Structure formats: structure tokens, C-alpha cells
Asks: 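Below is a structure I'd like to ask you about.
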Amino acid sequence: MRRYLICSLLLTALPVLAAPALPAATAASAAASAPAEVAVCVHPGPYGQQHMLGEWFITLHPAAAELSPALPLQLAAHPEYAGSLRGTLLRNRQQVLVAGEMRDGRIGMEESVDGTRTSGLWRGDVVPGSCGELIEGDWLDLTQPTESWVPFLMQRANR
């Protein structure tokens with residue numbers, strides 16, 4: 001154990017000891033150009049049911065976000081189906097039931113306005129580099145006579 005600890009310390013210290021010293025001006029400019037803060041993913045993936053639990057906001061037509069309010073979405077573990085999700089979405093002052101799954105960064109959900117029939121479909125993917133906090137996808141309103149998928153952006157609420 002002691003040998004492992006010493007080897008570990010040496011491997012950590014050697015690159016620092018072997019690196020050439022930078023002139024003060026170079027070191028200062030390197031520090032100035034370095035990012036002030038490095039974002040670290042709290043949930044680096046893979047993204048599944050556990051990652052999706054909690055409050056989210058969905059914006060339909062994200063390119064025209066000012067025309068559409070963010071829709072609150074609350075997701076919990078489905079009590080009957082292991083690994084699945086169940087929740088509620090508030091749209092046009094109406095509570096909409098949702099159920100679905102999140103696997104490997106891809107979400108699929110069905111919604112029901114009346115609690116019986118499927119009234120909409122959601123499909124989306126985690127945005128690369130977002131640490132699982134953003135999902136882009138499409139929504140299909142099955143109550144409309146034409147099949148037209150609407151883009152959406154789903155963002156985790158502040159924790």
C-alpha cells in the first residue's frame with residue numbers, strides 16, 4: 001500500500017517538476033486567457049430514468065420562445081413500470097398526463113389530455129455538452145387533423 005501511495009505521488013508530481021518554467025509574461029497571459037470557471041457535469045451520463053426525475057420546463061418553437069411560455073413539466077418514477085417515467089405537464093392552464101422512458105440520452109413520452117387516450121407524442125435527445133440539462137426534440141399534437149411535428153427545447157429547472 002505504501003509503495004502504491006509513493007508511486008502515485010511521483011506520477012502526480014513528475015509532470016510538474018519536469019515542466020519548464022514559463023517566463024512571468026507568458027504565465028500571466030496564459031492565466032488571463034484561461035477560462036475563469038470550468039463547468040463540471042454533475043450527471044455526466046448515461047442518462048436514464050433517475051436523471052429525469054424532477055421539474056423541467058418545455059419551450060415549444062424554441063426559435064420563437066417569446067411567443068410561447070415555458071411549460072412546467074414534473075416527472076417522477078412510474079409506480080407500475082420499473083425504469084419508466086410518469087408526470088404532469090401544464091399547458092394552456094390544463095394539466096396533461098405524461099408517461100414515457102429515457103434511455104441512453106433519448107426520451108420518448110406519450111401525453112393524455114383526458115387520462116385515457118393518447119393526445120400527443122414527445123421524442124427528443126440530450127443536447128451534446130449540456131450535461132443532460134437540455135433536451136431537444138419534437139412534439140406531435142395528435143388532436144390536430146394534420147401530422148406536424150413541432151420542435152421543442154426541454155430544460156431542467158434550477159435545482
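Note that the structure is a prediction, hence the values are computed from the model and not measured.
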Asks: Under 3.5 Å, side chain of His51 to main-chain N/O of Gly132, donor-acceptor pair present?
Replies: yes

Asks: Compare all side-chain heavy atoms of Leu97 with those of Thr88 and state whether any distance is below 4.5 angstrom.
Replies: yes

Asks: At their closest point, which heavy atom of Trp149 faces which heavy atom of Leu121, and how far apart are they?
Replies: CZ3-O, 3.8 Å

Asks: Give me the atom names and distance for the closest heavy-atom approach of Phe152 to Arg123.
Replies: CE2-O, 3.4 Å

Asks: Taking the side chain as every heavy atom from C-beta outward, state whether Pro151 and Asp138 have any pair of such atoms under 4.5 Å apart.
Replies: yes

Asks: List the atom pairs, with distances to 0.1 Å, where a side-chain N or O of residues 102-111 and a protein N or O form a donor-acceptor pair under 3.5 Å, not counting sequence neighbours.
Replies:
from   : atom 1 : to     : atom 2 : distance (Å)
Arg103 : NH1    : Glu101 : OE1    : 3.1
Arg106 : NE     : Asp125 : OD1    : 2.7
Arg106 : NH2    : Asp125 : OD1    : 3.1
Arg106 : NH2    : Asp125 : OD2    : 3.3
Glu111 : OE1    : Arg91  : NH1    : 3.2
Glu111 : OE1    : Trp122 : NE1    : 2.8
Glu111 : OE1    : Trp139 : NE1    : 3.1
Glu111 : OE2    : Arg91  : NH2    : 2.6
Glu111 : OE2    : Ser119 : OG     : 3.4

Asks: To check you understand the geometry: which heavy-atom pair defines the closest contact between Gln49 and Ala77, and what is its length?
Replies: NE2-CB, 3.2 Å

Asks: Let me confirm one number: the OH-CE distance from Tyr47 to Met52, rounded to the nearest 0.5 Å.
Replies: 11.0 Å

Asks: Measure the OG-CZ distance between Ser130 and Arg156 for me, rounded to the nearest 0.5 Å.
Replies: 10.5 Å

Asks: Please say yes or no: joined through hydrophobic side-chain contacts below 4.5 Å, possibly via intermediate residues, are Leu134 and Trp56 part of one cluster?
Replies: no

Asks: Could you list all the ring pair (Phe, Tyr, Trp, His ring centres under 6.0 Å) pairs where at least one residue sits in residues 77-107, not counting sequence neighbours?
Replies: His78-Tyr81

Asks: Less than 4.5 Å apart, any side-chain heavy atom of Leu140 and any of Leu142?
Replies: yes

Asks: Take Val150 and His61 through the test side chain to side chain contact (heavy atoms under 4.5 Å, CB included) and record every step on the way to the result.
Replies: CA-CA 7 Å; Val150 176; His61 301 288; 3.5 Å; yes

Asks: Could you list the residues that satisfy side chain to side chain donor-acceptor pair (under 3.5 Å) with Arg117, not counting sequence neighbours?
Replies: Asp114

Asks: Go through the steps for Ile58 and Leu153 under the test side chain to side chain contact (heavy atoms under 4.5 Å, CB included), then give the verdict.
Replies: CA-CA 6 Å; Ile58 296 177; Leu153 181 66; over 6 Å; no

Asks: Could you walk me through whether Leu85 and Leu53 pass side chain to side chain contact (heavy atoms under 4.5 Å, CB included), step by step?
Replies: CA-CA 8 Å; Leu85 301 161; Leu53 305 179; 3.8 Å; yes

Asks: Among Leu89, Leu90, Val96, exactly one meets side-chain contact (heavy atoms from CB on, under 4.5 Å) together with Leu73. Which residue is that?
Replies: Leu89

